[in-house]
Amino acid sequence: VINIMRFYEVYCDVEPKRIALNQANAELAAAQDKLATIKAKIAELDANLAELTAAFEKATGEKLRCQEEAESTQRTISLANRLVGGLASENVRWAESVAQFKEQEKMLVGDVLLITAFVSYVGCFTKKYRLDLMEERWLPFMKGLKVPIPITPELDPLSMLTDDADIASWNNEGLPSDRMSTEN
């Protein structure tokens with residue numbers, strides 16, 4: 001009987017603890033289920049955050065690329081506007097050049113005739129005789145024809161045949177700088 005009494009006392013003491021243990025285990029299982037659900041939700045949110053971060057970085061990169069492209073386009077437009085402005089101011093000079101070329105066109109036949117005669121015939125003569133041929137013979141003859149051949153006034157054969165850069169180059173190579181040497 002003592003053992004039964006002792007068992008009863010221990011049972012009365014242990015049974016509430018067993019019930020509490022079962023309750024605690026049930027609460028633990030519920031908490032672990034809740035924790036697993038929360039961890040799954042966190043993993044899902046982390047994956048969603050990673051996708052959104054990647055999309056944000058991609059959008060930010062695209063935005064920067066578009067801004068750089070817009071700036072590049074703006075620079076190109078600015079340069080194009082400057083070029084157009086520069087060309088517009090050149091229009092006046094070009095119009096003057098066209099008018100000058102039209103005038104030169106009228107005199108071209110006579111100028112070429114006189115220059116070819118100069119190149120063909122005066123190379124072996126002195127300066128005095130060259131000037132005499134040009135001023136006293138050829139020019140009066142061309143102007144005195146029934147239909148005069150137009151010639152540029154004050155035509156310099158040397159300026160038609162060469163330019164200052166060629167003359168300077170020849171002088172650097174040892175050609176004397178007098179007009180006779182340059183004409184030859």
Side-chain angles (χ1 to χ4, degrees), residues 45-184:
L45 290 174
D46 281 343
N48 193 15
L49 177 64
E51 287 178 24
L52 291 174
T53 302
F56 175 74
E57 288 174 358
K58 182 179 177 185
T60 303
E62 183 70 20
K63 175 187 166 194
L64 289 174
R65 188 188 63 74
C66 286
Q67 284 176 337
E68 289 171 357
E69 187 176 324
E71 289 171 1
S72 173
T73 302
Q74 185 60 36
R75 283 192 302 269
T76 303
I77 289 171
S78 174
L79 289 173
N81 286 337
R82 285 178 41 204
L83 177 62
V84 168
L87 291 177
S89 68
E90 286 292 309
N91 189 27
V92 172
R93 190 177 63 83
W94 290 343
E96 292 171 357
S97 293
V98 166
Q100 182 182 7
F101 291 147
K102 286 186 180 188
E103 282 298 313
Q104 286 177 348
E105 181 182 34
K106 294 175 186 174
M107 310 289 185
L108 185 63
V109 173
D111 291 351
V112 169
L113 180 63
L114 194 61
I115 297 302
T116 54
F118 181 85
V119 169
S120 299
Y121 296 110
V122 301
C124 61
F125 298 118
T126 63
K127 181 179 179 179
K128 180 180 182 291
Y129 193 69
R130 288 178 184 194
L131 287 175
D132 184 51
L133 276 176
M134 289 281 290
E135 302 294 330
E136 304 298 327
R137 306 260 182 213
W138 294 339
L139 287 175
F141 174 77
M142 291 173 76
K143 290 178 183 176
L145 294 172
K146 278 187 181 178
V147 179
I149 300 173
I151 300 170
T152 303
E154 305 294 321
L155 176 66
D156 179 19
L158 197 57
S159 67
M160 289 278 293
L161 296 171
T162 187
D163 59 17
D164 292 337
D166 286 336
I167 294 171
S169 172
W170 296 338
N171 291 338
N172 286 339
E173 292 176 8
L175 182 71
S177 60
D178 64 295
R179 183 170 174 93
M180 181 95 166
S181 298
T182 304
E183 287 177 359
N184 286 332

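Computed from heavy atoms alone, side chains included, the values below leave out hydrogens, waters and symmetry copies.
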Open item on the list: Would you compute the distance between atom CD of E71 and atom OG1 of T73 and round it to the nearest 0.5 angstrom?
Closed with: 10.0 Å
Task: Distance in Å, Y121 OH paired with L133 CG, rounded so as to fall on 0.5 Å steps - done: 11.0 Å
TODO: Using modelled atom types only, decide if a donor and an acceptor are shared between the side chain of T116 and the backbone of L113 within a distance under 3.5 Å.
DONE: yes
- [ ] Taking the side chain as every heavy atom from C-beta outward, state whether K143 and P140 have any pair of such atoms under 4.5 Å apart.
- [x] no
Open item on the list: Please report the interatomic distance CD1(I151) to CG(L108), rounded to the nearest 0.5 Å.
Closed with: 12.0 Å
TODO: Mind checking the CD1-CG spacing from I149 to L139? Nearest 0.5 Å is all I need.
DONE: 11.0 Å
- [ ] With rounding to the nearest 0.5 Å, note down the distance linking CG in D166 to CG in L175.
- [x] 11.5 Å
Task: Heavy-atom check, side chain of L49 versus side chain of L45, under 4.5 Å - done: no
Task: Atom pair CZ (F118) and CG (L155), whose distance is rounded to the nearest 0.5 Å - done: 10.0 Å
Open item on the list: I want to check something: taking the side chain as every heavy atom from C-beta on, are L114 and M134 in contact at a cut-off of under 4.5 Å?
Closed with: yes
Task: Contact check, side chains of F56 and T60, non-hydrogen atoms, under 4.5 Å - done: yes
- [ ] Any chance you could lay out the side-chain contact (heavy atoms from CB on, under 4.5 Å) test for E96 and Q100, step after step, and finish with the verdict?
- [x] CA-CA 6 Å; E96 292 171 357; Q100 182 182 7; over 6 Å; no
- [ ] Using atom types as modelled and distance alone, determine if a side-chain donor or acceptor of S169 lies under 3.5 Å from a backbone N or O of A165.
- [x] no
Open item on the list: Looking at E105, I'd like to know if its CD atom is crowded, meaning that more than 12 non-hydrogen atoms belonging to other residues, nucleotides or ligands lie closer than 6.0 Å.
Closed with: no
Open item on the list: I'd like to know if the side chain of S78 and the backbone of Q74 have a donor-acceptor N/O pair within less than 3.5 Å.
Closed with: no
TODO: Would you indicate whether the side-chain heavy atoms of W170 and T162 approach each other to under 4.5 Å?
DONE: yes
Task: Salt-bridge criterion met for R93 and E90 (N-O under 4.0 Å) - done: yes
Task: Exceeds 12 heavy-atom contacts within 6.0 angstrom, atom CG of N172 - done: yes
Task: Salt bridge E62-R65, side-chain N to carboxylate O under 4.0 Å - done: yes
